[in-house]
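Following: one structure in structure tokens, then a few remarks.
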There are 2 protein chains.
Amino acid sequence: MASKETKQRGRPRSFDRETALEQAIRSFWEQGYEATSISDLTRTMGISAPSLYAAFGDKRALFDEAVAEYGRLYGGFLPRAVAEEPTARRGVERALREAAAEYTLPGRPRGCLVISAAQNTAPASAEVAASLREMRLSNIRDIQRAITADIASGELPATTDAAALAHYAGAVIQGMSQQARDGADRTTLEAIAELAMKAWPETETQTEREGAGETEGTGKAADDPEKEPEAKAGKTRGEARRTRPRTADRP
Amino acid sequence: MASKETKQRGRPRSFDRETALEQAIRSFWEQGYEATSISDLTRTMGISAPSLYAAFGDKRALFDEAVAEYGRLYGGFLPRAVAEEPTARRGVERALREAAAEYTLPGRPRGCLVISAAQNTAPASAEVAASLREMRLSNIRDIQRAITADIASGELPATTDAAALAHYAGAVIQGMSQQARDGADRTTLEAIAELAMKAWPETETQTEREGAGETEGTGKAADDPEKEPEAKAGKTRGEARRTRPRTADRP
DNA sequence: CGATTTCTATATCGCTCGCTACAAAAAGAC
DNA sequence: GTCTTTTTGTAGCGAGCGATATAGAAATCG
């Protein structure tokens, strides 16, 4: 099945679907779901309404596809950082640092589409709001899972309140998104992120290790956001954190 | 000067203007500016459209009045806390604590109208968005001013980055608002607030400092020795409640 | 009592919304 | 070429938007 040899029969599409989707992402990212009208979309995507509906379904389907692509291209840094770093602290620290950069990159809408595109939602689009809220809660659950694992492994004190710490980190990220929309620059957001990490509980085994002179060497390279496509940025990453080396940092 | 003794000449208004405004606040608070339609408003306010326009002007004027009244009734706790507490730390700490309560009070829309009602804004209402953004920035400037004063007085280390610390506090508050909208309960928000304060710089003169009497400590000493036993719904009127004296933060 | 003033309800206005018929246009299949 | 399939632009659907014209209802004034 799925032989792509057969040529399209009818008149070929005169626009690039991915480019058009990219423009739709920008519109939704900047204005949110409700406030982005079909005529906004047809203008920025450079196509007519019937072409839009033929290629993407309806407004809701286009938005869903835009959100999925947004997660693949822009918004996946948080679950990625949490999944890839060996400790929750470093994961959150990296996520906050990357958020500071991602939320303020020149030439992009500011802040996080998922955080901001659902608000101001009329009852008619309650489904959209609920869907995006679920994504935000899922991100917080991801963080909480990492924290719980660190408590179990002794990386964090047994007295740590995992849920509270996770919600704190989520709040800081959401607050940073809000402030980015309000014009805060990258430096300001980075300062916020750095301050926020001062609230993180002391590492249980802080004094004993620290011998491995890793410090900067690898961190610099692993710092670059949006590098690997990360197959699916979707949710339901049940055991995504099994990559924890648990042996300090660097072999 | 203007004597209100003169009786109204025509047919008297058949609804209570303040009650109607209160309902308008709820609608805008829950749904935001854009998503709240005139028919939403006439339904919840219990009046017809012409009555609404006669009593409040247009939708924008009604919203402005609703925001002003919101600040008077609900949203003024942050500037109040910052202004009334003797130190920025205690001001922010109190503001965060009050935000946790205010954002989740039963029978009220969740979160902060100012933070959430402007997002998802179409170009047509750019003015509204700009106006609310300016209010958020003003709140952050208030915090920053208090921090700068504390640095000058030696209450905070001279190395403290006032702007960064202020933006951090603002981000935490905005993140808490977002999470309140997403269903976080008061306990969760309080845990976030408590964690956030662990990032606050150590007080310079942590041990003594009580009798030295800085200038502004004159009348401001109305910093209430615990008299109110945790007033339940006592939301307004800046009575500074405090669970423990300023000796230490940790049990 | 009219006369005047002000509020209320009905019934829209012009506009934009998301969405879609419709037929011409452009390709492969025969 | 002719037929079939798909995309294209035009043009417009019903519904809801913010805002109003109009006329009747309810109060005070002389």
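Throughout, a chain's letter reflects where its sequence line sits, starting with A, and its residues are numbered from 1.
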For this session: Test side-chain contact (heavy atoms from CB on, under 4.5 Å) on Met197(B) and Val172(B) and set out the steps.
Result: CA-CA 10 Å; Met197(B) 288 312 296; Val172(B) 171; over 6 Å; no

Problem set entry | N/O (side chain, Arg11(A)) to phosphate O (OP1/OP2, dT8(D)) under 4.0 Å | no

For this session: Would you give the length of the straight line joining atom CZ of Arg181(B) to atom CD of Glu30(B), rounded to the nearest 0.5 angstrom?
Result: 8.5 Å

Exercise. Tell me: CZ of Phe15(A) to P of dT7(D), nearest whole Å?
Worked result: 8 Å

Exercise. In terms of side-chain heavy atoms of Pro50(B), which of dA21(D), dG24(D), dA26(C) is nearest?
Worked result: dA21(D)

Exercise. Which whole-number value in Å describes the distance from Leu52(A) CG to dT6(D) P?
Worked result: 19 Å

Exercise. Rounded to the Å, how far apart are Leu62(A) CG and dC19(C) P?
Worked result: 10 Å

For this session: Would you kindly compare Tyr33(A) and Ile47(B) by the position of their nearest DNA chain C nucleotide and give the one closer to the 5′ end?
Result: Ile47(B)

For this session: Indicate yes or no for a side-chain donor-acceptor contact from Ser177(B) to the backbone of Ile173(B) under 3.5 Å, with no hydrogens or angles considered.
Result: no

Exercise. From Phe63(B) CZ over to Thr36(B) OG1, what is the distance, rounded to the nearest 0.5 angstrom?
Worked result: 8.5 Å

Problem set entry | Rounded distance (Å) that lies between atom P of dG18(D) and atom CE of Met45(B) | 13 Å

Problem set entry | Selection from dT20(C), dC7(C), dA26(D) that lies nearest to any side-chain heavy atom of Tyr53(A) | dT20(C)

For this session: Flag this pair as yes if the NZ/CZ of Arg26(B) is under 6.0 angstrom from the six-membered ring centre of Phe28(B) and inside a 45 degree cone about the axis; otherwise no.
Result: no

Exercise. Passes side chain to side chain donor-acceptor pair (under 3.5 Å), Ser27(B) versus Thr44(B)? Steps please.
Worked result: CA-CA 8 Å; Ser27(B) 293; Thr44(B) 61; 3.1 Å; yes

Exercise. Which one, dA27(C), dG9(D), dT10(C), comes nearest to the side chain of Ser48(B)?
Worked result: dT10(C)

Exercise. Would you say Trp29(B)'s side chain and Ser116(B)'s backbone share a donor-acceptor pair under 3.5 angstrom?
Worked result: no

With the criterion being N/O to N/O and under 3.5 Å, what pairs connect the protein with nucleotides 12-17 of chain C, and how long is each?
unit_1	atom_1	unit_2	atom_2	d
dC17(C)	OP1	Ser37(A)	OG	3.2

For this session: Starting from the 5' end of DNA chain D, give me the residue, Asp58(B) or Gly10(A), whose nearest nucleotide shows up first.
Result: Gly10(A)

Exercise. Reckon Ser51(A) has a side-chain N or O less than 4.0 Å from the OP1 or OP2 of dT7(D)?
Worked result: no

For this session: Mind checking Ala49(B) for me? I need base, sugar-phosphate or nothing, with any heavy atom below 4.0 Å counting as a touch.
Result: base

For this session: Rounded off to whole Å, could you give me the CG-to-P distance for the Asp16(A) and dT8(D) pair?
Result: 12 Å

